[in-house]
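Structure first, then comments.
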Number of protein chains: 2
Amino acid sequence: MVQSELADLEKKLRDAQLRPTKQRLALAQLLFSDGNRHITAERLHSDAMGANVAISLATIYNNLHQFTAAGLLREVVVDSSRSYFDTNVMPHHHFFHEQSGTLEDIEKNDLKVDNIPPLPEGTEISSVDVIVRVSSTRR
Amino acid sequence: MVQSELADLEKKLRDAQLRPTKQRLALAQLLFSDGNRHITAERLHSDAMGANVAISLATIYNNLHQFTAAGLLREVVVDSSRSYFDTNVMPHHHFFHEQSGTLEDIEKNDLKVDNIPPLPEGTEISSVDVIVRVSSTRR
DNA sequence: CAATAAATTAGAATTCTTCTAAACAAGAAA
DNA sequence: TTTCTTGTTTAGAAGAATTCTAATTTATTG
Ligand SMILES: [Mn+2]
Ligand SMILES: [Mn+2]
Ligand SMILES: [Zn+2]
Ligand SMILES: [Zn+2]
């Protein structure tokens, strides 16, 4: 990590009205330093442990939610038993590998959703989420 | 419920290799007698209680999963905190009302998903799920 | 430096779901 | 029918993910 990178992350947090604490900076680094990630709370927690960052699971959850509320992350619902958080906050879709439980982005423009029927009365779209579930070809 | 209806449900269960026990028939009735439903385990349990059907929550879960494995139900993932089961097993999509937590079908042909990019190597599609999340227009 | 408010934490609590192992009921065989 | 076998149901315990509580620590402000 270069010097400027940490400064950038600190700015990112400050811009989101989040105090750049030791824990938040460490999480921001794990989340945003190395391309897009789709990650669960437990996974991020063990990544942090692996990077010798002392942080409690409660703090992981607190911050994942705060980052999400601030628009730094978004939540992807693909599995009814755990939450995934996505560092790519642009509108896009996903491949979901059922065996491994991993996600892969589908860029918005690659995929077209057409002919959405009239919305239920009194509602507006909050998002359109496409999950292409894939599994290994049995051979 | 007409006489023939119970016989139909019994056949439906037998065809799926499921013994038509008192509990299963009662659940089948709650699930399949009155149009399509999108239901959670807890909701089905209270529906059963309301209909004076004595059935444990464990049995509700057992049967929702057995019905799903048998193709009588399918699971819809829209909320990372609970599972929804759908009596409509044809391919189709959903509106999800974020406020109420309710689902509404979008017929397969109404909505078109195009330009799915090449699948990850060695995988095949198991399903394509579109969730249009809607919320009440604030006024 | 205080003072204040925000953030972190351990551990308890909650919620949804699954498991265990014993009792029970359904269908098959006699 | 009765008996046998196996599938089903169940209460309650256990498990997993997540949230809450309330005490401590840390960051920012004055
Ligand atoms: Mn499940
Ligand atoms: Mn959960
Ligand atoms: Zn993504
Ligand atoms: Zn449906």
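Note on naming: letters A, B, ... go to the chains in the order of the sequence lines (proteins, then strands), and numbering restarts at 1 for each one.
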_Selection residues 48-66 of chain A - residue pairs positive for salt bridge (Lys or Arg N to Asp or Glu O under 4.0 Å), sequence neighbours left out_ =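 Found none.
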
Give a yes/no answer on whether the side chain of B:Ser56 brings an N or O atom under 4.0 Å of OP1 or OP2 in D:dT10.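 It does, given that an N or O in the side chain of B:Ser56 lies less than 4.0 Å from OP1 or OP2 of D:dT10.
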
* Presence of A:Arg24 side-chain N/O under 4.0 Å of C:dA7 phosphate oxygens OP1/OP2 ->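 Yes, because at least one side-chain N or O of A:Arg24 sits under 4.0 Å from OP1 or OP2 of C:dA7.
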
Using whole Å, report how far [atom1] of [X] lies from [atom2] of [N].
{"X": "A:Ile39", "N": "D:dA17", "atom1": "CD1", "atom2": "P", "value": "14 Å"}
{"X": "B:Glu42", "N": "C:dT17", "atom1": "CD", "atom2": "C1'", "value": "10 Å"}
{"X": "B:Arg43", "N": "C:dT15", "atom1": "CZ", "atom2": "C1'", "value": "18 Å"}
{"X": "B:Leu57", "N": "D:dG15", "atom1": "CG", "atom2": "C1'", "value": "15 Å"}
{"X": "B:Gln17", "N": "D:dT8", "atom1": "CD", "atom2": "P", "value": "10 Å"}
{"X": "A:Tyr61", "N": "C:dT9", "atom1": "OH", "atom2": "C1'", "value": "15 Å"}
{"X": "B:Leu18", "N": "D:dG7", "atom1": "CG", "atom2": "P", "value": "12 Å"}
{"X": "A:Asp79", "N": "C:dT17", "atom1": "CG", "atom2": "C1'", "value": "13 Å"}

Notebook entry, point to check: What is the nucleic acid contact for A:Ser83, judged by heavy atoms within less than 4.0 Å: base, sugar-phosphate only, or nothing?
Noted result: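 Sugar-phosphate contact only - A:Ser83 comes under 4.0 Å of backbone atoms but never of a base.
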
(message) Restricting to salt bridge (charged side-chain N to carboxylate O under 4.0 Å, His left out), what partner residues turn up for B:Asp34, sequence neighbours left out?
(response)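 Applying salt bridge (charged side-chain N to carboxylate O under 4.0 Å, His left out) to B:Asp34 gives none.
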
Output all residues satisfying salt bridge (charged side-chain N to carboxylate O under 4.0 Å, His left out) with B:Asp129, sequence neighbours left out; order by chain, then residue number.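 Checked B:Asp129 against salt bridge (charged side-chain N to carboxylate O under 4.0 Å, His left out); matches are A:Arg133.
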
Taking ring-ring contact (aromatic ring centres under 6.0 Å, His included) as the definition, give me every residue that meets it alongside B:Tyr61, ordered by chain and number, with sequence neighbours left out.
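Residues passing ring-ring contact (aromatic ring centres under 6.0 Å, His included) with B:Tyr61: none at all.
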
Residues in ring-ring contact (aromatic ring centres under 6.0 Å, His included) contact with B:His38, at least two apart in sequence or another chain
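Expected list: B:His94.
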
Please state whether the rings of A:Phe96 and A:Tyr84 are parallel, tilted or perpendicular, taking 30° and 60° as the class boundaries.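 Geometry flag for A:Tyr84 against A:Phe96: perpendicular rings.
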
Below 3.5 Å is the cut-off: list the nitrogen or oxygen pairs between protein and nucleotides 23-27 of chain C, distance only.
{"unit_1": "C:dG27", "atom_1": "OP1", "unit_2": "B:Arg14", "atom_2": "NH1", "d": "3.1"}
{"unit_1": "C:dG27", "atom_1": "OP1", "unit_2": "B:Arg14", "atom_2": "NH2", "d": "3.2"}

Residues in side-chain hydrogen bond (donor to acceptor under 3.5 Å, both in side chains) contact with [X], at least two apart in sequence or another chain:
{"X": "B:Gln23", "answer": "none"}
{"X": "A:Arg14", "answer": "A:Glu10"}
{"X": "B:Glu124", "answer": "none"}

Please set out all donor-acceptor pairs under 3.5 angstrom arising from side-chain atoms of residues 106-118 of chain A, sequence neighbours excluded.
none

Pairs under 3.5 Å (N/O, protein and nucleotides 21-23 of chain D):
none

Practice problem: Apply the test salt bridge (Lys or Arg N to Asp or Glu O under 4.0 Å) to residues B:Asp8 and B:Lys12: give CA-CA distance (whole Å), side-chain angles for both, the deciding distance (0.1 Å), then the verdict. | Solution: CA-CA 6 Å; B:Asp8 288 354; B:Lys12 185 165 188 154; over 6 Å; no

Quick check on contacts: within residues 62-75 of chain A, what sits under 4.0 Å from DNA chain D by heavy-atom distance?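 Heavy-atom contacts with DNA chain D come from A:His65.
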
